[in-house]
Amino acid sequence: MNRNIVAGNWKMNLTFDEAKALVEALNTRVVHPNCSVILGVPSIYLSQLQALLSNESITLAAQNCHHKLSGAFTGEISVPMLQSVNIPYVILGHSERREYFKESDSMILEKVNHALSHDLKVIYCCGEPLSIREENEQNQFIGNQLRESILQLDASDMANIIIAYEPIWAIGTGVTASAQQAQDMHAHIRSLVKDVYGDELAQQTSILYGGSVKPVNASALFSNPDVDGGLVGGASLNPDDFISIIEAF
Ligand code: PEP
């Protein structure tokens, strides 16, 4: 896996025609990027957008999946369903899922395990709320989140995890962590991975920053040694902004 990644998270935005126009723009305008590009698109569009993708640098991610493999869960989407339409990635543990849908660390770990056992790679999100940052407790908080979830995986599974550090106070707020705050946390996360899995796997793990990444701050963030790219919400909906962020590498 390329350690440098720019992933978009479209969330619950765009009609199909808008989504199609965005993929068509990215198909032609993303040329020789220094990173892999992943688009987290609404599930209803996954198959159709997959068929429209013609740029080998770009792949798709689902934004969620259910924590059970099948059953009476009206409206939900399972890991085997994603696998059956060849979706390579799923975003799990996003703070919006944790907050609005009450997803617990154990539920997220169940999802992670299902995804990995069906050959999907996982973009696993972690991040602290503002109150924790104000108390300077962010390192302990993130350590606990990781220990309750992905740090329990076998090394072979951990190799298929991309970590996205997304401080909740920076998501959709226009407030970005400073380049130094991002680097400090990413170095901390890499050291936690190293403690459990050793240096080689820690060095191979992509750790993305998310939280109001924009063209204006992307290169300062990505130039840090432990920031391997971004998970981009709002700015991924605009092709000019998203391409500028990709070109920041
Ligand atoms: C996100 O939702 O993952 C995100 C980082 O959003 P934004 O870039 O809009 O802050």
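One-based numbering along the sequence shown. Counting convention: from 1, in listed order, for ligands and their atoms alike.
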Parallel, tilted or perpendicular: ring planes of H67 versus F73, cut at 30 and 60 degrees: tilted
D184 and its side chain to side chain donor-acceptor pair (under 3.5 Å) partner, picked from H188, Q181, Q180, H186: Q180
Hydrophobic cluster partners of V175 (side-chain heavy atoms under 4.5 Å): L130, W169
R147/D105 ion pair, N-O < 4.0 Å: no
Sidechain N-carboxylate O distance under 4.0 Å for D157, K121: no
Amino acids in close contact with ligand 1, where any non-hydrogen atom sits under 4.0 angstrom away: N9, K11, H94, E166, A170, I171, G172, G210, G211, S212, L231, V232, G233, G234
Lys/Arg-Asp/Glu bridge criterion (N-O < 4.0 Å) met for E103, R97: yes
